[in-house]
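See structure below.
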Amino acid sequence: MRQESLFPFLPAVLAALTDAVTAAMVRANQPDYPGRFIVFQIVMFGAALLAAVPSKWVRFAGFVLLLAGMFITGFSVGILYLPTFFAVVWVMVRDNIK
């Protein structure tokens, strides 16, 4: 497998790392792990995973979903997904240049 074929999965890897960090932060500060937060993490990971799909419309839907998730949380946890967001933008721009 070529290294370039793994670049579209970079946002999903960053989202998984962000999910792990935010889960550790929430567990440290709250005794119970809210179900809404688990759903939020799954949606954000799924949105980042959509960047690996070759269809431009699906990538755009993932981009919008990721952006909406960042704004809905009021940047409390959403700001941690900023590297994921930039990686999605990078993947989208990189494939349009080719």
Side-chain angles (χ1 to χ4, degrees):
M1 183 183 304
R2 292 184 9 218
Q3 183 181 3
E4 289 183 8
S5 64
L6 296 176
F7 283 140
F9 292 100
L10 179 65
V13 171
L14 289 173
L17 289 172
T18 304
D19 288 344
V21 169
T22 55
M25 287 177 16
V26 169
R27 287 293 264 181
N29 295 321
Q30 293 179 348
D32 58 335
Y33 197 62
R36 292 180 307 193
F37 189 67
I38 295 170
V39 171
F40 171 75
Q41 287 182 317
I42 292 170
V43 168
M44 294 298 271
F45 178 73
L49 199 56
L50 289 177
V53 176
S55 172
K56 290 181 183 182
W57 289 106
V58 175
R59 283 186 178 173
F60 183 72
F63 168 78
V64 170
L65 193 58
L66 196 62
L67 188 62
M70 288 173 55
F71 280 114
I72 287 173
T73 59
F75 287 105
S76 59
V77 176
I79 197 75
L80 297 173
Y81 286 92
L82 208 54
T84 304
F85 174 76
F86 287 136
V88 168
V89 171
W90 177 71
V91 166
M92 290 173 63
V93 170
R94 184 176 167 274
D95 282 348
N96 282 339
I97 292 175
K98 286 185 177 180

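Scope of the values below: all heavy atoms of this structure, side chains included, with no hydrogens, waters or symmetry mates.
Residues Val93 and Leu67 are members of one and the same hydrophobic cluster, defined by side-chain heavy-atom contacts under 4.5 angstrom among Ile, Leu, Val, Met, Phe, Trp and Tyr. With hydrophobic clusters built from ILVMFWY side chains whose heavy atoms lie under 4.5 angstrom apart, Phe71 shares a cluster with Val88. When the side chains of ILVMFWY residues are joined at heavy-atom separations under 4.5 Å, either directly or via intervening members, Leu66 and Phe60 end up in a single hydrophobic cluster. Neither Phe40 nor Ile72 shares a network with the other; the hydrophobic side chains, linked directly or stepwise wherever heavy atoms of I, L, V, M, F, W or Y lie under 4.5 Å apart, form separate groups for each. In the hydrophobic clustering of this structure, Val53 does not group with Phe7; members are Ile, Leu, Val, Met, Phe, Trp, Tyr whose side-chain heavy atoms approach within less than 4.5 Å, directly or through other members.
The distance from atom CZ of Phe37 to atom CG of Asp19, rounded to the nearest 0.5 Å, is 7.5 Å. Atom CZ of residue Phe63 and atom NZ of residue Lys56 lie 15.0 Å apart, to the nearest 0.5 angstrom. Note: Leu50 CG to Phe45 CZ = 10.5 Å, rounded to the nearest 0.5 Å.
Exactly one residue among Val89, Leu14, Val13, Leu17 makes a side-chain contact (heavy atoms from CB on, under 4.5 Å) with Thr84. That residue is Leu14.
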Quiz prompt | Phe85/Met44 under side chain to side chain contact (heavy atoms under 4.5 Å, CB included): CA gap, chis, key distance, verdict | solution = CA-CA 10 Å; Phe85 174 76; Met44 294 298 271; over 6 Å; no

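When all heavy atoms of Ala48 and Pro11 are compared, the closest pair comes out as CB-O, 3.5 Å. Residues Tyr81 and Gln41 come closest through the heavy atom pair OH-CG, 3.9 Å. Here the closest heavy-atom approach between residue Leu80 and residue Met25 is recorded as CD1-CE, 3.9 Å. Nearest heavy-atom pair across Ala12 and Leu49 is CB-CD1, 3.5 Å.
By the 4.5 Å heavy-atom criterion applied to side chains, Leu10 and Trp90 are counted as neighbours.
Applying the side chain to side chain donor-acceptor pair (under 3.5 Å) test to residues at least two apart or on different chains, none of the pairs has a partner in residues 60-72.
Remark: Thr18 engages no residue in a side-chain hydrogen bond (donor to acceptor under 3.5 Å, both in side chains) (not counting sequence neighbours). Residues passing the side-chain contact (heavy atoms from CB on, under 4.5 Å) test with Phe86 are Leu82, sequence neighbours excluded.
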